[in-house]
Amino acid sequence: MDALVRPVVDPTFAAGALAFLLGGVALGTASGLVPGLHANNFALLLAGFAPSVPADPLFVGVAMLGAGVVHSFLDIVPALALGVPDAATAVAALPGHRLVIAGRGREAVRLSAVGSGLAVALAVPLAVPVTWVMVRAYPTLRAHLPLLLGAVVALLVLTESSRRAAVGGAVAFLASAALGLATLDADPAAPLSTGGVLAPLFAGLFGVPVLVDAVGGEGVPPQADPRIAMDARALGTSAGAGSLAGAVVGYVPGVSAAIAAAAAMPAVPRESADRGFVVATSGASTANTIFALFALVALGTPRTGVTVAIDRAGVPFALPILLVAAATAACFGFALVVLLGDPYLRIVGDADYTRLSLGVLGLLALLSYAFAGAFGVGVLLVAGALGLVPPRLGARRVHLMGVLIGPLIVG
């Protein structure tokens, strides 16, 4: 009878995979909590170090995927506390920061955790059928992508609160699209070879204006209880919209989780818009990380920084193992965003907000230089000036996503 018993899991392999996953969780935690650090920049830095790691490439892939998933959970925290997002959380930065200023930051942290957690819960059962559909629909979707994105932009402009705000939104979209066309293809000399202009672009458009307005302000007020004041139906609708949008863009080249979040905005219930933005954006970011893995396996082409890193590192496509790693990392991410989000808000609230704002502005300039050199610092300044415009015209900052959408529409 004993001869028929076989170990299902190799304990040595499992221990090694868990150790690398925990290392990835630690790296994703650190990167997610740094204001303005884009997940793609971080993932490509990991890819640069991967060849020198003396380990099974699958273990390295587990660490990278774990870091990417946990980053997608935690990157909302700087966006909430400081108003400084990375590209994936840009849409939620202002609504989420409004919740913090209203004393509902602890609730916003939990809304984000629920959005990301539901995205993973939806991604696992939907991955196979969505992949089947997207592989077949991809040529049609790609051919009509400019039209679809144009419809999203028009819907966002037309749903503004007033004619003045709609005009302001259109102006913000066109100006940010011009900025994207002028900068996205640039390859500036920079200290880090895995750099790019995304970090200074999004830090400038969405982070700098909040910090500039906060200089001399009272900062983050005391935060109330963490109770979620959003009904289950609206919560589910927002999370589902973000997750499905993140799933679709996981298969389409050039379309990021930030655009997925923007596309999901019209589906967010108006009566809980700020809360819905946080849920949908978090769901889109995390879903994009999961579905991009399936796109890599099904189509053979990487769509995100994490999958580019996995592809460059020669990680074998052991999908069951990578999925278990992603799901386990999501459990860590859910717990960490709640455990670390509240202290992060408290530390920011206790700090001198003028000094803190100036210090974070300096950090953003340093990151911009590291990833894109002096050109990146210039982009940060121009984008920061543009980011000040929409609120002063009564428009939402979501129109600044034109920096990515505009170049895709133009083609």
Side-chain angles (χ1 to χ4, degrees), residues 31 34-42 75-76 78-97 168-169 171-192 194-215 217 256-259 261-262 281 285 305 356-393 395-408:
S31 68
V34 174
L37 182 58
H38 191 285
N40 285 351
N41 294 126
F42 179 67
D75 58 358
I76 193 71
L80 294 175
L82 300 168
V84 182
D86 76 357
T89 57
V91 175
L94 187 60
H97 197 60
V171 170
F173 172 80
L174 293 173
S176 61
L179 181 61
L181 287 167
T183 60
L184 283 175
D185 290 335
D187 186 20
L192 296 178
T194 55
V197 296
L198 279 180
L201 271 176
F202 280 90
L205 290 171
F206 297 96
V208 168
V210 174
L211 293 168
V212 168
D213 288 341
V215 172
S256 69
I259 295 176
T281 303
S285 176
L356 180 64
S357 297
L358 293 174
V360 176
L361 284 169
L363 174 63
L364 295 180
L366 184 62
L367 282 174
S368 298
Y369 181 79
F371 289 126
F375 181 80
V377 178
V379 168
L380 179 75
L381 294 173
V382 173
L386 178 56
L388 291 167
V389 174
R392 285 156 176 78
L393 296 176
R396 295 170 293 181
R397 277 202 179 96
V398 66
H399 303 290
L400 296 173
M401 288 307 303
V403 73
L404 292 184
I405 298 176
L408 284 174

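Heads up: numbering here begins at 1 and tracks the sequence.
The heavy-atom pair separating G402 from P407 by the smallest distance is O-CD, 3.5 Å. In plain terms, the two heavy atoms of G387 and P390 that are nearest each other are O-CD, 3.5 Å. Residues V360 and P35 come closest through the heavy atom pair CG1-CB, 4.1 Å. Closest of all the heavy-atom pairs between P209 and G204 is CD-O, 3.0 Å. Closest heavy-atom contact between G168 and A395: C-CB, 4.0 Å. Among all heavy-atom pairs drawn from L386 and A175, the shortest one is CD1-CB, 3.7 Å.
Two residues are said to be in side-chain contact when any heavy atoms from C-beta on lie closer than 4.5 Å; I405 and F173 meet this criterion. When side chains are defined from C-beta on, V208 does not count as touching L381, because their heavy atoms never get closer than 4.5 Å. Here the side chains of F202 and V403 are in contact, with some heavy-atom distance below 4.5 Å. Using a 4.5 Å heavy-atom cutoff, the side chains of D75 and S285 are in contact. Here the side chains of V389 and L400 are not in contact, with every heavy-atom distance at 4.5 Å or above. Contact annotation: the side chain of L404 approaches that of L184 to within less than 4.5 Å [non-hydrogen atoms, C-beta and beyond].
R397 contributes no side-chain N or O that, together with a main-chain N or O of P391, makes up a donor-acceptor pair within less than 3.5 Å.
Here the CG atom belonging to L380 is positioned 11.0 Å from the CG atom belonging to L366, to the nearest 0.5 angstrom. Rounding to the nearest 0.5 angstrom, the gap separating the OG atom in S368 from the CG atom in L201 is 9.0 Å.
Considering only residues two or more places apart in sequence or on other chains, F375 meets the side chain to side chain contact (heavy atoms under 4.5 Å, CB included) condition with T183, A186, P188, V197, V379.
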